[in-house]
Amino acid sequence: MFKEVTFSYNILSDPDKRRQYDSAGFEAVELESQELELDLSSLGAVNTMFAALFSKLGVPIKTTVSAAVLEEALNGVVDIHPLPLGLPICRKVEKQCAHFYSVTITEEEARDGFVCRVQSSDKSKFKLLYFDQEESGGLSLALQEDSAKTGKVASAGMYFLCFPVYRLDHTVNSIAAAKDADAAFFKKLDGFQPYEITELKAGTHVFAVYGDNFFKSASYSIEALCAAPFMEEKANLRAVEADILAKRAEISKFETEYREVLAQFTEMTSRYAQEMQAIDELLRQRNEIHASYTTAPPMKRSSGKQRNKGSIKETKEDAQVRDKKPSTRDRPKKKKWFNIHLKVDKRKPC
């Protein structure tokens with residue numbers, strides 16, 4: 001519901017989308033953008049609070065970079081700090097703001113490959129951005145990678161290794177997966193898509209870390225590396241991603257088979273219940289027919305409660321008889337030992 005409301009708000013707040021909706025309805029707008037994206041900087045405090053609440057409840061909300069940050073970058077009025085290779089920098093960026101960094105690489109480093117990674121030890125939400133430099137001196141957004149929780153940290157990275165490298169978008173088809181438990185498994189690799197840029201040329205390149213938290217700043221550590229010392233890791237990454245692509249094709253085929261078998265299983269379990277009910281009904285009819293073969297009147301069976309009451313009553317009477325003590329008149333008289341007369345010779349000592 002929150003997604004539908006926000007999607008409608010995005011249409012009404014954008015003159016172009018509103019014009020498309022007025023002419024052709026929702027279909028014209030949905031063809032352009034199926035994913036929900038929110039600019040948190042344009043939301044008020046109440047809307048931001050609701051968005052944060054829905055995010056906590058598990059509703060996938062994809063955010064976009066603030067329009068103000070993109071405009072400043074395009075106008076070339078942002079502060080850019082140098083980022084040396086192999087030297088991590090730890091900082092804290094405010095919500096819906098960005099820190100810009102420049103990295104200079106040589107021809108040899110460009111051939112060996114280049115990696116830029118960002119981590120947050122407190123699992124803050126952030127975006128790693130890569131900008132193209134315009135002839136006018138401004139910066140235009142070219143790549144964007146959202147942070148994802150991996151173990152005890154939140155991380156994001158861009159890998160320019162001179163061969164196709166893939167990224168995993170966790171928000172793809174997440175709404176559909178939430179409606180179907182099986183879809184969460186079968187659509188898990190749908191967001192596994194190749195990067196648009198696989199290698200960088202020698203020169204200076206600009207990256208940025210954008211704070212994507214709803215209310216607080218984001219702590220992070222950014223590091224730029226040349227991939228030359230990581231030849232084994234490059235080979236392993238290429239092999240693993242090839243296996244993931246093969247597995248995605250295999251899972252797609254398996255889903256078709258699984259759905260067919262599941263439909264058969266559902267049909268069989270439904271028939272099982274129906275057959276069991278039919279058997280019980282036939283046996284009941286058979287028992288009634290057997291019972292009809294008699295000329296005797298039907299027996300009147302006393303209820304179990306009456307029998308129990310009678311037995312309980314008898315038990316109580318027996319207990320009263322046992323517990324009843326005889327009266328004083330009914331008791332036999334006992335002789336007292338001190339009334340016995342004994343003849344004793346006083347002359348003989350005892």
For [Y], does its backbone N or O pair with a side-chain atom of [X] as donor and acceptor, under 3.5 Å?
X: Thr269; Y: Phe265; value: yes
X: Glu109; Y: Thr106; value: yes
X: Ser102; Y: His205; value: no

Would you verify whether the NZ or CZ of Arg238 falls within 45 degrees of the ring axis of Phe163 while also being under 6.0 Å from that six-membered ring's centre?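 Cation-pi check for Arg238 and Phe163: passes.
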Out of curiosity, does Leu139 fall in the hydrophobic cluster containing Ile105 (side-chain heavy atoms, cut-off under 4.5 Å, transitive links)?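 The answer is no; the residues belong to distinct hydrophobic clusters.
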Heavy-atom closest contact (Asp190 atom, Phe186 atom, distance): OD1-O, 4.1 Å
Return the minimal non-hydrogen interatomic distance between Gly157 and Tyr195, and the atom names on each side. O-OH, 2.9 Å
For Arg117 and Tyr159, test the side chains for any donor-to-acceptor distance below 3.5 angstrom and give the result as yes or no. yes
Please find out if less than 6.0 Å separates the ring center of Phe207 from that of Phe114. yes
Would you call [X] and [Y] a salt bridge, using N to O less than 4.0 angstrom?
X: Glu250; Y: Lys253; result: no
X: Glu267; Y: Arg271; result: no
X: Arg167; Y: Glu145; result: yes

Working note: Leu245 + Phe192, criterion side chain to side chain contact (heavy atoms under 4.5 Å, CB included); need CA distance, chi angles, decisive distance, verdict. CA-CA 8 Å; Leu245 290 175; Phe192 193 68; 3.8 Å; yes
